[in-house]
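Because the structure is predicted, anything quoted here is derived from the model rather than measured. Residue numbers begin at 1 in each chain, while the letters A, B, ... track the order of the sequences.
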Protein chains: 2
Amino acid sequence: MQERAEYCQEHHVHADRVAHVKGDMPDEVRLYDLAELFKVFGDTTRIRILYVLFESELCVCDIAQLLDMSQSAISHQLRVLKQARLVRSRREGKTVFYFLADDHVRTIIGQGMEHIEE
Amino acid sequence: MQERAEYCQEHHVHADRVAHVKGDMPDEVRLYDLAELFKVFGDTTRIRILYVLFESELCVCDIAQLLDMSQSAISHQLRVLKQARLVRSRREGKTVFYFLADDHVRTIIGQGMEHIEE
DNA sequence: ATCACATATGAACAGTTGTTCAAGTGTAAG
DNA sequence: CTTACACTTGAACAACTGTTCATATGTGAT
């Protein structure tokens, strides 16, 4: 966090580029939110849940069964996904159905897949 | 991980959907790799590094200066980014320049930004 | 060879995260 | 109002992650 001058001499730093980049950086809050969003994608369980919802809406119980995990674990993760506005839910009697919130989920996961399959 | 039957009765589970979804799920390894990839995006420092590299290639020292962080911290994170094949590097004398590996980075970050700005 | 600089790396430590377990809602049916 | 089911939630604990600090490597100049 300090002592940078010790490593990096004035005359070495590529001042022009540094100055240029410094200009068009999104603000800290936005970058933080962005990282938070990707954190949500960065867990196998949540990725699997999202994938499972690609096809159709499902209830908590269905998802737990599909992923062979406890209903509680799934519920916790659905909450995270919901807070990130990646999924939404609707209630039908005792059952709660979850579904993908919008198409960004598909695009982001699609691009990710493309990347790892290169 | 067990006791599902206790919560979820045979007659309730939406068997048709469950069966259908079960068919076209990517294999476990792929889903794991995908989560690993997004984990890399899920950190403020790494997101900031990627953003900084949107404009032009930069050396470790430049990045550390721009983000006001230690050279060591940046170096550690660049390694993570490199392992995920999100950045690449070239050496020029004592200096090592880092740059974005391909356009997926831009697309993924772009989509992420769109999502949080809704 | 020796020195200085740019970068890399290993160990360690605090902070975060995901699951389980137990207990809590909410809803429909008897 | 009681019971049963679908789901939610809070606490706790192990596992993981990011930074720091100290040290190591690589390169070029003297």
Side-chain angles (χ1 to χ4, degrees), chain A residues 1-14 18 32 35-49 57-65 67-84 87-98, chain B residues 1-14 18 32 35-49 57-65 67-84 87-98:
Chain A
M1 218 55 156
Q2 69 291 87
E3 310 296 345
R4 255 168 296 101
E6 200 181 303
Y7 299 106
C8 202
Q9 313 300 102
E10 282 290 327
H11 68 276
H12 165 254
V13 175
H14 308 86
V18 168
Y32 177 83
E36 286 303 302
L37 174 65
F38 286 123
K39 232 171 251 180
V40 176
F41 285 96
D43 174 78
T44 315
T45 301
R46 287 190 296 263
I47 284 279
R48 287 165 81 217
I49 293 178
E57 64 174 13
L58 290 169
C59 69
V60 181
C61 174
D62 289 338
I63 301 172
Q65 188 137 326
L67 306 194
D68 192 33
M69 288 182 66
S70 77
Q71 177 270 329
S72 176
I74 298 298
S75 190
H76 276 297
Q77 298 299 17
L78 282 170
R79 189 151 78 110
V80 176
L81 290 167
K82 203 173 178 182
Q83 277 169 185
V87 306
R88 286 162 57 203
S89 65
R90 68 184 181 84
R91 186 173 261 275
E92 198 177 304
K94 286 185 288 188
T95 311
V96 178
F97 288 95
Y98 281 86
Chain B
M1 215 53 157
Q2 67 291 85
E3 310 296 343
R4 254 168 296 100
E6 201 180 305
Y7 300 107
C8 201
Q9 315 298 101
E10 283 290 325
H11 68 275
H12 166 254
V13 174
H14 308 86
V18 168
Y32 177 83
E36 287 303 301
L37 175 65
F38 286 123
K39 233 170 251 180
V40 176
F41 284 96
D43 174 78
T44 315
T45 301
R46 287 191 295 264
I47 284 280
R48 287 166 81 216
I49 292 177
E57 63 174 13
L58 291 169
C59 69
V60 180
C61 173
D62 288 338
I63 300 172
Q65 189 136 326
L67 306 194
D68 192 32
M69 290 182 66
S70 76
Q71 175 272 325
S72 176
I74 298 299
S75 190
H76 276 296
Q77 298 298 17
L78 283 169
R79 190 151 78 110
V80 176
L81 289 167
K82 203 174 179 180
Q83 275 168 186
V87 305
R88 286 162 59 204
S89 65
R90 68 182 180 86
R91 185 172 262 278
E92 201 177 302
K94 287 183 289 188
T95 310
V96 178
F97 287 95
Y98 281 86

Original post:
What is the ring orientation for A/Phe38 with B/Phe41, classed by angle as parallel under 30°, tilted 30 to 60°, or perpendicular over 60°?
Top reply: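 Geometry flag for B/Phe41 against A/Phe38: tilted rings.
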
Nearest to the side chain of [X] - [options]?
| X | options | result |
| --- | --- | --- |
| B/Ser75 | D/dC7, D/dT27, C/dT9 | C/dT9 |
| B/Arg79 | C/dT7, C/dT9, D/dC7 | C/dT9 |
| A/Met69 | D/dT19, C/dT7, C/dT19 | C/dT19 |
| B/Val60 | D/dC7, C/dT7, D/dT19 | C/dT7 |
| A/Lys94 | C/dA28, D/dC7, D/dG10 | C/dA28 |
| B/Arg91 | D/dT27, C/dT27, D/dT8 | D/dT27 |

Taking atom [atom2] of [N] as reference, at what distance in whole Å does atom [atom1] of [X] sit?
| X | N | atom1 | atom2 | result |
| --- | --- | --- | --- | --- |
| A/Phe38 | D/dT17 | CZ | P | 18 Å |
| B/Gln71 | C/dA8 | CD | P | 7 Å |
| A/Phe41 | C/dG18 | CZ | P | 14 Å |
| B/Ile49 | D/dG18 | CD1 | P | 11 Å |
| A/Ile47 | C/dG18 | CD1 | P | 12 Å |
| A/Phe97 | C/dT27 | CZ | C1' | 14 Å |
| B/Leu81 | C/dA8 | CG | P | 12 Å |
| B/Leu67 | D/dT20 | CG | P | 12 Å |

Subject >> B/Ile74 to B/Ala64 - nearest heavy-atom pair and separation >> reply: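 Distance-wise, the nearest heavy atoms are CG1-CA, 3.7 Å.
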
Original post:
What heavy-atom pair brings B/Ala84 and B/Val40 nearest, and what distance separates the two atoms?
Top reply: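 Looks like CB-CG2, 3.8 Å.
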
**OP:** Give a yes/no answer on whether the side chain of A/Ser70 brings an N or O atom under 4.0 Å of OP1 or OP2 in C/dC21.
**Re:**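 False: A/Ser70 side-chain N/O out of range (4.0 Å or more) of C/dC21 OP1/OP2.
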
Subject >> side-chain N/O B/Arg46 vs D/dT17 OP1/OP2, d < 4.0 Å >> reply: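 No.
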
Original post:
Would you say the base of C/dT7 and the side-chain of B/His76 have a donor-acceptor pair closer than 3.5 Å?
Top reply: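 Under the 3.5 Å cut-off, the side chain and the base do not form any donor-acceptor pair.
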
Subject >> Under-3.5 Å donor-acceptor pair between B/Ser72 side chain and D/dC21 base >> reply: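 Between D/dC21 and B/Ser72, which were checked side chain against base, a qualifying N/O pair under 3.5 Å is present.
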
Original post:
Under 4.0 angstrom, heavy atoms only, what part of the nucleic acid is B/Tyr98 near: base, sugar-phosphate, or nothing?
Top reply: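 The residue B/Tyr98 makes sugar-phosphate contact but no base contact.
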
Subject >> Most 5' of B/Ala73 and A/Glu36 on DNA chain C, judged by nearest nucleotide >> reply: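 Residue closer to the 5' terminus by nearest nucleotide: B/Ala73.
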
Original post:
In terms of the nearest nucleotide of DNA chain C, which residue is placed more toward the 5' end: B/Lys82 or A/Gln77?
Top reply: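 The residue mapped nearer the 5' terminus is B/Lys82.
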
Original post:
Between B/Gln77 and B/Met69, is any pair of side-chain heavy atoms under 4.5 Å apart?
Top reply: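 The answer is no, as the side chains (C-beta and beyond) never meet within the 4.5 Å cut-off.
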
Original post:
Any side-chain heavy atom of A/Arg79 within less than 4.5 Å of one from A/Lys82?
Top reply: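 Contact flag for A/Arg79/A/Lys82 side chains = no.
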
**OP:** Spell out, as yes or no, whether a donor-acceptor pair under 3.5 Å connects the side chain of A/Arg46 to the backbone of A/Arg48.
**Re:**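 Judged by distance alone, no pair lies under 3.5 Å.
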
